[in-house]
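The structure under discussion appears below in the form of structure tokens.
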Amino acid sequence: MNETPAISVVVPVFNEEGSLEELLARVREACGPFEPAYELILVDDGSSDGSVPMIRAAAERFPEVRGVLLNRNYGQHAAVTAGLEQSRGDIIVTLDADLQNPPEEIPRLVETMRQGFDVVGSIRVPREDSLFRRLASAATNKIVQRATGVEMHDYGCMLRAYSRPVVDAMLLCHERSTFLPVLANRFASRTTEIEVSHAARREGDSKYGLLQLVSLQFDLMTSISAFPLRAMTLMGALLAAAGFFFAMILVAARLAFGAAWAADGVFTLFAVLFFLLGGQLVGLGLLGEYVGRIYDDVRARPKFLVREVVGRGLPDAEPSHTSAAVGLPAISERGV
Ligand code: UDP
Ligand code: MG
């Protein structure tokens with residue numbers, strides 16, 4: 001299959017052996033009718049289960065399937081970026097491997113894209129995640145909406161379609177801690193959303209623990225803008241003003257009611273102190289998040305290493321199996 005595919009479907013895979021077979025069947029079923037052809041890029045994000053052999057087998061068997069094998073686990077967004085880098089379609093669709101996003105929705109996304117949009121997001125209805133995850137998402141979506149000014153409701157849902165220029169622009173971005181849907185909206189002029197169904201995860205567990213979720217939230221927040229930093233300054237100023245006001249009241253009350261009253265007030269002072277300290281620590285932590293990311297970017301480490309690209313759908317391809325065969329170094333790195 002040497003013609004350039006019109007549509008690329010990019011799927012990050014991290015220990016998803018339980019879902020891969022069904023995913024493959026359903027994507028092929030849903031995308032089979034696409035004219036001209038599509039390509040399915042499965043990015044292995046350092047799985048330790050049977051996912052890699054399954055991806056290899058699929059790439060061997062179906063010409064439209066390609067596997068990008070990363071040499072270890074870099075996280076969902078880095079994995080998707082690795083896939084985007086390999087994609088050649090004019091419309092690029094991303095989705096999760098765990099079948100929470102039904103592949104049957106891909107044609108609808110593509111159809112909507114063809115009406116002239118740069119990015120088509122999706123809203124999960126009904127959402128099949130825990131209450132905690134839903135609340136966290138709701139809060140995040142609100143913040144992002146305010147900060148980017150782009151109306152999108154469900155940033156967490158990775159079932160999305162991007163136009164080629166938007167993907168190219170995203171690939172030019174050098175930051176390491178990216179949150180792709182937000183990044184995409186920076187470059188999109190026409191965006192829309194469609195409602196898609198959402199299934200509960202059937203195989204395995206969510207790959208996001210509490211700490212990863214927190215880190216992802218910070219990635220998202222710091223990738224939006226410096227707005228949180230500004231909000232922090234404002235909050236700090238307000239807290240300081242409140243503290244000053246309190247102190248004035250305490251002084252006045254001491255003068256009016258005497259020292260005995262003031263001794264009781266010690267605890268109020270403590271409370272105020274703790275309040276201010278808390279505010280400062282929140283601010284410092286936030287600052288640290290930015291500084292940490294700046295440090296990462298300054299070090300400019302590659303976001304991921306591709307160990308191997310497998311599949312037959314490569315340009316002027318032999319039935320080749322290594323990235324070396326397509327003129328790349330055996331390990332291609334993507335960083336700066
Ligand atoms: N994933 C990945 N690398 C990771 C974690 C997740 O490639 O380090 C993939 C995973 O295989 C799945 C998608 O990202 O295809 C979403 O992961 P998951 O379903 O665990 O996230 P959730 O649905 O809980 O947000
Ligand atoms: Mg999932």
Side-chain angles (χ1 to χ4, degrees), residues 7-14 16 19 23 26-27 30-31 40-41 43 45 75-81 83-84 91-113 117-148 150-163 166-167 170 178-188 190-208 212-213 215-217 219-221 223-224:
I7 289 142
S8 303
V9 180
V10 174
V11 185
V13 176
F14 181 50
E16 302 281 6
S19 325
L23 175 86
R26 285 171 61 183
V27 170
C31 299
L40 170 61
I41 300 178
V43 186
D45 189 19
Q76 181 184 4
H77 292 261
V80 173
T81 311
L84 293 180
I91 296 176
I92 296 93
V93 178
T94 60
L95 83 158
D96 288 349
D98 56 2
L99 294 170
Q100 286 195 270
N101 312 134
E104 289 73 28
E105 308 276 10
I106 299 175
R108 275 180 58 219
L109 275 176
V110 169
E111 217 170 277
T112 317
M113 280 296 285
F117 291 101
D118 292 322
V119 174
V120 178
S122 57
I123 308 177
R124 297 169 273 193
V125 278
R127 182 150 174 202
E128 298 283 347
D129 271 324
S130 65
L131 181 68
F132 169 69
R133 288 293 299 268
R134 288 204 306 265
L135 286 179
S137 293
T140 317
N141 291 334
K142 265 268 141 353
I143 298 173
V144 182
Q145 250 173 50
R146 287 203 84 107
T148 58
V150 177
E151 271 282 309
M152 277 220 174
H153 296 90
D154 198 349
Y155 274 97
C157 186
M158 287 299 278
L159 179 57
R160 289 167 168 271
Y162 308 100
S163 67
V166 167
V167 166
M170 287 199 278
T178 42
F179 196 89
L180 293 174
V182 175
L183 194 62
N185 277 357
R186 297 241 123 167
F187 305 114
R190 286 195 73 202
T191 64
T192 187
E193 285 173 302
I194 60 173
E195 294 197 340
V196 297
S197 54
H198 190 235
R201 202 179 226 285
R202 265 179 292 162
E203 300 290 336
D205 291 325
S206 170
K207 307 293 182 278
Y208 284 106
Q212 281 100 316
L213 272 182
S215 165
L216 194 71
Q217 292 288 335
D219 272 355
L220 189 145
M221 189 162 78
S223 74
I224 302 169

>> Looking at every heavy atom in both Pro103 and Leu95, which two are closest together, and how far apart are they?
In response: CA-CD1, 4.0 Å
>> side chain to side chain contact (heavy atoms under 4.5 Å, CB included) for Phe14 and Gln76? Distances and angles first, verdict last.
In response: CA-CA 8 Å; Phe14 181 50; Gln76 181 184 4; over 6 Å; no
> How many angstroms lie between atom OG of Ser122 and atom CD of Glu193, to the nearest 0.5 angstrom?
Replying inline: 8.0 Å
>> If you define the side chain from C-beta out and look only at heavy atoms, does anything of Val9 sit under 4.5 Å from Cys31?
In response: yes
> Taking atom CD of Glu104 and atom CG of Leu99, what is their separation to the nearest 0.5 Å?
Replying inline: 8.5 Å
> Could you go step by step and tell me if Asn101 and Val196 meet the side chain to side chain contact (heavy atoms under 4.5 Å, CB included) rule?
Replying inline: CA-CA 8 Å; Asn101 312 134; Val196 297; 5.9 Å; no
> Rounded to the nearest 0.5 Å, what separation is found between the CG atom of Asp98 and the CE atom of Met158?
Replying inline: 11.5 Å
> Donor-acceptor pair, His77 side chain versus Leu180 backbone, under 3.5 Å?
Replying inline: yes
> Looking at OG1 of Thr192 and CG of Leu109, how far apart are the two atoms once the value is rounded to the nearest 0.5 Å?
Replying inline: 10.5 Å
>> Please find the pair of heavy atoms, one from Gly83 and one from Ile41, that lie closest to each other, and give the distance.
In response: O-CD1, 3.8 Å
> Got a second to check how far Ile194's CD1 is from Leu159's CG, nearest 0.5 Å?
Replying inline: 7.0 Å
>> I'd like to know if Glu16 pairs up with Arg201 as an ion pair, taking the criterion as any Lys NZ or Arg NE/NH1/NH2 lying under 4.0 Å from an Asp or Glu carboxylate oxygen.
In response: yes
>> Using side chain to side chain contact (heavy atoms under 4.5 Å, CB included), reason through Val43 and Val80 one step at a time and then give a plain yes or no.
In response: CA-CA 7 Å; Val43 186; Val80 173; over 6 Å; no
> Could you give the distance from OG (Ser19) to CD (Gln100), rounded to the nearest 0.5 Å?
Replying inline: 9.0 Å
>> If you compare all heavy atoms of Val119 against all heavy atoms of Ala188, which two are closest, and at what distance to 0.1 Å?
In response: CG2-CB, 3.5 Å
>> Could you walk me through whether Thr112 and Phe117 satisfy the side chain to side chain contact (heavy atoms under 4.5 Å, CB included) test, starting with their C-alpha distance in whole Å, then the side-chain angles of each, then the deciding distance to 0.1 Å, before giving a yes or no?
In response: CA-CA 7 Å; Thr112 317; Phe117 291 101; 4.1 Å; yes
>> Show the nearest heavy-atom pair for residues Met113 and Ser163, with the distance to one decimal.
In response: CE-N, 3.3 Å
> Taking all non-hydrogen atoms of both residues, which atom of Val11 and which atom of Asp96 are closest, and how far apart?
Replying inline: CG1-C, 3.9 Å
> Within the side chain of Asp118, is there an N or O that forms a donor-acceptor pair under 3.5 Å with the backbone of Arg190?
Replying inline: yes
